[in-house]
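Okay, so here's the structure we're looking at.
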Amino acid sequence: MADEAKAKGNAAFSSGNYADAIKHFSDAISLAPTNHVLYSNRSAAHASRGNYSDALTDAQKTVDLKPDWPKGYSRLGAAYLGLHNFSDAISAYKKGLEFDPNNEALKSGLSDAQSAASRGARPSSSSASPFGDAFSGPEMWAKLTADPGTRGYLQQPDFVKMMQEIQKNPNNLNMYLKDQRVMQALGVLLNIKMMSGNGPEDMEVQPEDPAFEREFKMPEAKPEPKPEPKPEPEPEPMVEEDEEERQKKERKGLAQKEKEAGNAAYKKKEFEKAIEHYSKAIELDDEDISFLTNRAAVYLEMGKYDECIKDCDQAVERGRELRSDYKMVARALTRKGTALAKIAKTSKDYDLAIEAFHKALTEHRNPDTLKKLNDAEKAKKDLEQQEYFDPNIADEEREKGNEYFKEQKYPEAVKHYTEAIRRNPKDTKAYSNRAASYTKLGAMPEALKDAEKCIELDPSFVKGYTRKGAVQFFMKEYEKALETYQEGLKLEPNNQELLDGVRRCVQQINKASRGDLTPEELKERQAKGMQDPEIQNILTDPVMRQVLIDFQENPKAAQDHMKNPMVMNKIQKLVSAGIVQVR
């Protein structure tokens, strides 16, 4: 059970889903609380999310359980480095190098920690911030909006608030340095790449330091045997041993020739000959599992999936015994998964293939294996959806949802609308009705998503526009709601619900234009507006900045600007956002 949870965690980490990875590693730890590898992997997942305190706790537990394991000190150093505790980070990396002096991840981490320490401690809040210029002026918002890595953060109110606090007083930066979004923003503003706690050793797979470790240490791939010099004459007792060694080398050489012949036959699609050559290679040398994996590839090409799986299982078992290169073991598991996926097209059972791909990824994070895993999981999901598809049941579930909606039992209504959608994913009415239920529950993002799905499935479905416009209105995005209602009116010009929506939006927009908003309403609208990338682009546009100055200082020039429809449109957006008030 612990291995299964660990495999799920590894797969989640490989796909960048760190929250799920933490959950699965935690499940594994509850089943195997003394397994140091689980704590190490969870530490890496925490660090990848910027949770360095949790990463430090798991790293310390890793070192406690396995004090002589270099990887544990790499995790410990990364956590300390993320917390800006440079001296402890240096000590951790040095301790790890005592056990493995040639570990590149530890060397790199030590270099980073020493470089950070040499730059000195951050200034206290009482001193001037060296980054003050980076946060001054409206250019800050323009840079954050232009960068794809930080643009999404501007939709998050807490991030916008933090940046506003820093802009007011750059010394406030010290309060938010542990927030990775702020660190990333600082990097964008300074045009530098900021360091984070989960460096390359957490993400990139190296032969001596894979991102996910197995319970036992896998050795490096065996080097090719070097040609030995001609033996000098030895005493008589050694002649028999030299002869045995010579015969072994001769068999290995013959096995390699058979492999090469098999490869040539495979390329010519002479599969029977290829199998014959690989089989001879296996008889001559049973210490090279590539002969088995190559023969498995031929069986796979021939559609002999059972034989392929058998060879792959034998390669994995023999590879474990010989402590072969983990990449070779991963290759065998991937090939097995591919054969099982082929079988699943008729058996309709993708679970075994998915399990094989997960195991392969724990050995080696290979992009091709990850793609095969994703394809198998998608095929399984599509199959389940096909088997579950039933329009008649979907209609019944939608009607049940309607009854609960009339009774104002909105959670129950959502449950039945969701089942209707599962039974018929193209039922626009089910999405529309669920959007109405979500609106009643105040779940506006979910309601908006369902309303947009209505329009995506059927652009002529007028109800979708009324749903979407209503949600946007409740979210106080009056300009966007007005545009949505107007789109719906193009399809049905006399729709009273759409006309009423337009009227409400115009009233709210005019209210802002007249300056009739209360201080609380104005403050709320301004905060929401500052999160809108379009508003930020307008404020950082040099032309618009001059327009705004002219409105205050040069009335004649302002009147000329008003003749430009594009300028007027942007001014109206600023007025609606509460940024500009017209008296």
Side-chain angles (χ1 to χ4, degrees), residues 49-51 84 122-194 196 444-445 472 475-480 508 511-513 515 517-549 551-552 570-582:
R49 299 192 74 196
N51 299 332
H84 301 281
R122 298 187 304 274
S124 66
S125 58
S126 61
S127 61
S129 170
F131 305 124
D133 292 341
F135 300 99
S136 62
E139 289 79 6
M140 178 187 80
W141 299 107
K143 288 184 179 180
L144 296 180
T145 302
D147 187 85
T150 55
R151 185 182 303 129
Y153 297 155
L154 296 174
Q155 304 295 325
Q156 303 171 11
D158 62 325
F159 175 78
V160 173
K161 183 178 179 181
M162 284 189 287
M163 296 306 295
Q164 288 172 339
E165 291 293 329
I166 295 171
Q167 194 171 41
K168 290 179 183 177
N169 182 2
N171 287 323
N172 288 335
L173 175 63
N174 294 326
M175 299 166 55
Y176 306 118
L177 284 175
K178 290 186 179 180
D179 192 303
Q180 287 302 301
R181 298 172 299 174
V182 174
M183 293 301 292
Q184 186 174 350
L186 179 60
V188 171
L189 297 174
L190 296 177
N191 197 28
I192 60 175
K193 183 178 180 182
M194 303 299 289
S196 62
M444 297 306 170
Q472 291 170 324
M475 296 174 72
K476 299 183 180 181
E477 296 178 348
Y478 303 120
E479 289 281 352
K480 293 181 180 178
Q508 289 296 326
K511 185 178 179 181
S513 300
L517 297 174
T518 65
E520 291 76 14
E521 289 176 329
L522 179 60
K523 185 177 180 180
E524 180 182 359
R525 189 167 294 192
Q526 287 174 339
K528 183 178 287 291
M530 289 304 297
Q531 297 175 40
D532 189 338
E534 185 178 7
I535 296 296
Q536 294 164 14
N537 286 335
I538 294 173
L539 291 173
T540 55
D541 183 348
V543 174
M544 288 304 300
R545 285 161 62 184
Q546 184 60 49
V547 170
L548 295 175
I549 293 173
F551 265 91
Q552 292 180 336
K570 292 181 179 180
I571 290 293
Q572 185 58 54
K573 289 184 182 296
L574 294 177
V575 171
S576 299
I579 306 299
V580 171
Q581 297 184 52
V582 180

Q. Which heavy-atom pair separates I538 from M544 by the least distance, and what is that distance?
A. O-CB, 3.4 Å

Q: Drop me the distance from Y153's OH to D179's CG, to the nearest 0.5 angstrom.
A: 8.5 Å

Q) How about M163 and L154: do any of their side-chain heavy atoms sit closer than 4.5 Å? A) no

Q. Do we see a donor-acceptor contact under 3.5 Å between the side chains of Q472 and Y478?
A. no

Q) Looking just at side-chain N and O atoms, do Q156 and R181 make a donor-acceptor pair shorter than 3.5 Å? A) yes

